[in-house]
Amino acid sequence: MKIRAGQDGEFAALQEIERAAGQCFRDVGMAAIADDEPPGDRMLRGYARAGGLWVVDDEEDAGDRTGPVAYALTEPVDGCLHIEQISVHPSRSRRGIGRRLLDHLDRRAAADGLPALTLTTFADVPWNGPYYRRLGFRELPEETLPPGLRRIRRSEQEHGLDRWPRVCMRRETGGRAPSRQRREREGGAGQERARLLPAE
């Protein structure tokens, strides 16, 4: 598996990942999320040019896919590295790709002197809030949010995402995700899903 900076020319592939990954929300009664359009070319280009677009190539098992199998959008918010979006193609779910991408972002943030990763996510969807909790993120009370995260939450509310409970979460840099063996010891490893949707 190779994690690298995203480039112009592969935005259509990333949008296809997003559409495919979103379909699992239909199974939990969230068709509006499944139907939401992926980030457009202009947004992806902006993240790429700012150094905040990361993609994963699965070099070990290309199967019926070539090129990226996962991606993340990041930006600095409140002095931390905020994960605006992270998605894994369902054909590559349950292989630890999401966890390894988060660990890569953690290392990048630490190298830049940023103290933590932050994100917003659906609180109760199994492959959102519970997944991130298993990977070392903790929930931030709404009343304690710094200005940047408060702006993000207001935008989410304006877009109707609070039809389902949402939370902000934070993980200190250097707090890498537990290993598969540790997750299995602590239970719940069988629930891990690689489709992640911090902020749609």
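Numbers here are sequence positions counted from 1.
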### Task
Answer whether the closest heavy-atom distance between the side chains of M1 and L101 falls below 4.5 Å.
no
Between the CH2 atom in W54 and the OG1 atom in T74, the distance rounded to the nearest 0.5 Å is 7.5 Å
Check your understanding: Do the side chains of Y132 and L117 get nearer than 4.5 Å, heavy atoms only?
Key -> no
In terms of heavy-atom contacts, I86 and G98 come closest through CD1-O, 4.2 Å
Taking every heavy atom of I17 against every heavy atom of H89, the minimum-distance pair comes out as CG2-N, 3.7 Å
### Query
Charged N to carboxylate O below 4.0 Å: is that the case for R138 and E172?
yes
Is there side-chain contact between P90 and Q23, with at least one heavy-atom pair below 4.5 Å? no
N/O donor to acceptor pairs below 3.5 angstrom from side-chain atoms of residues 38-45, sequence neighbours left out:
{"from": "D41", "atom 1": "OD1", "to": "Q15", "atom 2": "NE2", "distance (Å)": "2.9"}

Any F11 side-chain heavy atom under 4.5 Å of Y71 side chain:
no
field: side chain to side chain contact (heavy atoms under 4.5 Å, CB included) evaluation trace for W164 with I33
entry: CA-CA 10 Å; W164 307 275; I33 301 301; 3.8 Å; yes
When rounded to the nearest 0.5 Å, the distance separating OG1 of T173 from CG of L114 is 7.5 Å
Where do V167 and T121 land on the side chain to side chain contact (heavy atoms under 4.5 Å, CB included) test, with the steps shown first? CA-CA 6 Å; V167 292; T121 192; 3.9 Å; yes
Mind running side chain to side chain contact (heavy atoms under 4.5 Å, CB included) on R100 and R95 for me, showing each step along the way?
CA-CA 9 Å; R100 291 165 71 181; R95 300 188 186 191; over 6 Å; no
| task | Check whether any side-chain heavy atom of D112 sits under 4.5 Å from a side-chain heavy atom of L81, and report yes or no. | result | no
Item to complete: Check whether any side-chain heavy atom of D124 lies under 4.5 Å from a side-chain heavy atom of F122, and answer yes or no.
Response: no
Query raised in the report: Can you check side chain to side chain contact (heavy atoms under 4.5 Å, CB included) on R170 and L149, steps first, answer last?
Result: CA-CA 11 Å; R170 174 183 173 116; L149 289 179; over 6 Å; no
Rounding to 0.5 Å, atoms CD (E18) and CG (L73) come to a distance of 8.5 Å
Practice problem: Taking only Lys NZ, Arg NE, NH1 and NH2, and the carboxylate oxygens of Asp or Glu, determine whether R99 and D106 approach each other closer than 4.0 Å. | Solution: no
*Is any side-chain N of the basic residue among R19 and E37 closer than 4.0 Å to the acidic one's carboxylate O?*
yes
Residues P68 and A13: closest non-hydrogen pair is CD-CB, 4.4 Å
| query | Is a side-chain donor or acceptor of H159 paired with a backbone partner of L161 at a separation under 3.5 angstrom? | reply | no
OH of Y131 to CG of L102, rounded to nearest 0.5 Å, is 6.0 Å
Decide yes or no for R171 and L119: does some side-chain heavy atom of the first lie under 4.5 Å from some side-chain heavy atom of the second? no
Separation between CD (Q157) and CZ (R166), nearest 0.5 Å, reads 10.0 Å
Are V88 and V69 packed together at the side-chain level, in the sense that at least one heavy-atom pair is separated by less than 4.5 angstrom? no
CZ of R108 to CD1 of I3, rounded to nearest 0.5 Å, is 11.0 Å
